[in-house]
**Q** 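Starting off with a structure, shown below.
Order of appearance sets the numbers: ligands from 1, and atoms from 1 within every ligand.
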Amino acid sequence: MLLLTTIAEARSACDRIRAQGKTLGLVPTMGALHQGHLSLVRAAQASCDAVAVSIFVNPTQFGPKEDFAGYPRNLEQDCQTLEAAGVDLVFAPSAEEMYPAGASTFVEVTGLSARLDGASRPSHFRGVATVVTKLLHIFAPDRAFFGQKDAAQVAILRKMVRDLLFPVQLDVCPTVREPDGLALSSRNTYLTPEQRRQALVLSRALLAVERKARAGELDSGKLLAVALRILEGEPGVVVDYCRIVNPDTLEDLPEVGHGGLVAVAARVGSTRLIDNLLL
Ligand code: PAF
């Protein structure tokens, strides 16, 4: 497995892969890898000849009071995991490499970027769209792989790829959960055992909505009332949003039809967690 840190090295490695007539899959990550990331790697390996994983804790997607400094970083362990998984190359650039001095160009998917997490994290999706644009330029992959857990990110990147005419297929892989329902997240490492137990309320609330929708309740207001009752029953969990939206536009849906997305974000202690289910 190649470990590359410069854009020039990454471009040459991708050129070599393409010169052999191979297809390339890209799995963008911020490291602190878990089974969710590895499910993206496996999906990439199943459909592409070569797989690249980027590991970059992207400063522009963190707000000034967020956890950029404390975000878990363990490049050595991540590389061992990826090597064992059979990944072809890892790209782990510095912030200076990705954002040359004076860089002031950003990509913003207007409208969508202000919905769901974008409402409480105002520059978050601008940072995500900008760094993913840079990665797509560097790698020019045939396919890029993202997790359904970041449903708003998925909607924004799909729109960005369409609007900016990127010749790439986005693949979205299902959320990977612990046996007790907790969605895997690099931020789960911040949780104390008691907070981890409290965090289970997110998936419990989503499942209750799914059950009620399956039983025939279509009214989003009534479905969300079920979720909020469960969420508010867990002291220590502060809800940021709980909404039922169109998964492409992220706009509220008054009624769930086929394909509505129920999404929740909440703080457990100082850790902000997100989760969602497609109804
Ligand atoms: O989902 C993530 O880990 C990040 O938002 C991404 C897509 C790697 C961009 O930094």
**Q** Listed by chain and number, what are the salt bridge (Lys or Arg N to Asp or Glu O under 4.0 Å) partners of Asp180, not counting sequence neighbours?
**A**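 Arg196.
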
**Q** To which of Met98, Gln61, His37, Met30 does the heavy atom nearest atom 10 (O) of ligand 1 belong?
**A**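 Result: the heavy atom closest to atom 10 (O) of ligand 1 is in Gln61.
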
**Q** Run the numbers for me: atoms of ligand 1, each under 4.0 Å from some heavy atom of Val131, listed by number.
**A**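 Once the distances to Val131 are compared, the set is 9 (C), 10 (O).
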
**Q** What do we get for Thr29 next to ligand 1 when only non-hydrogen atoms under 4.0 Å count, side chain, backbone, both or neither?
**A**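 Only the backbone of Thr29 comes within reach of ligand 1.
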
**Q** Consider every N or O of Gln153 and every N or O of ligand 1, then say whether any pair is closer than 3.5 Å.
**A**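 By distance alone, the answer is yes.
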
**Q** Out of all atoms in ligand 1, which are within 4.0 Å of some heavy atom of Pro28? Include the element for each.
**A**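 Those of ligand 1 that fall under 4.0 Å from Pro28 are 8 (C).
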
**Q** Decide whether a cation-pi geometry holds between Arg143 and Phe166; the criteria are a distance under 6.0 Å from NZ or CZ to the six-membered ring centre and an angle within 45° of the ring axis.
**A**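 Not satisfied by the 6.0 Å and 45° rule.
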
**Q** Using the rule given for side-chain hydrogen bond (donor to acceptor under 3.5 Å, both in side chains), can you reason through Ser94 versus Glu97, listing the C-alpha separation, both sets of side-chain angles and the distance that settles it, and then say yes or no?
**A** CA-CA 5 Å; Ser94 65; Glu97 185 74 5; 5.0 Å; no

**Q** For residues Leu250 and Val264: do they belong to one hydrophobic cluster (side chain heavy atoms under 4.5 Å, members Ile, Leu, Val, Met, Phe, Trp, Tyr)?
**A**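 Shared cluster, no.
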
**Q** Restricting to pairs with a member in residues 244-267, which pass salt bridge (Lys or Arg N to Asp or Glu O under 4.0 Å), not counting sequence neighbours?
**A**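 Sorted pair list: Arg115-Glu251, Arg243-Asp252.
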
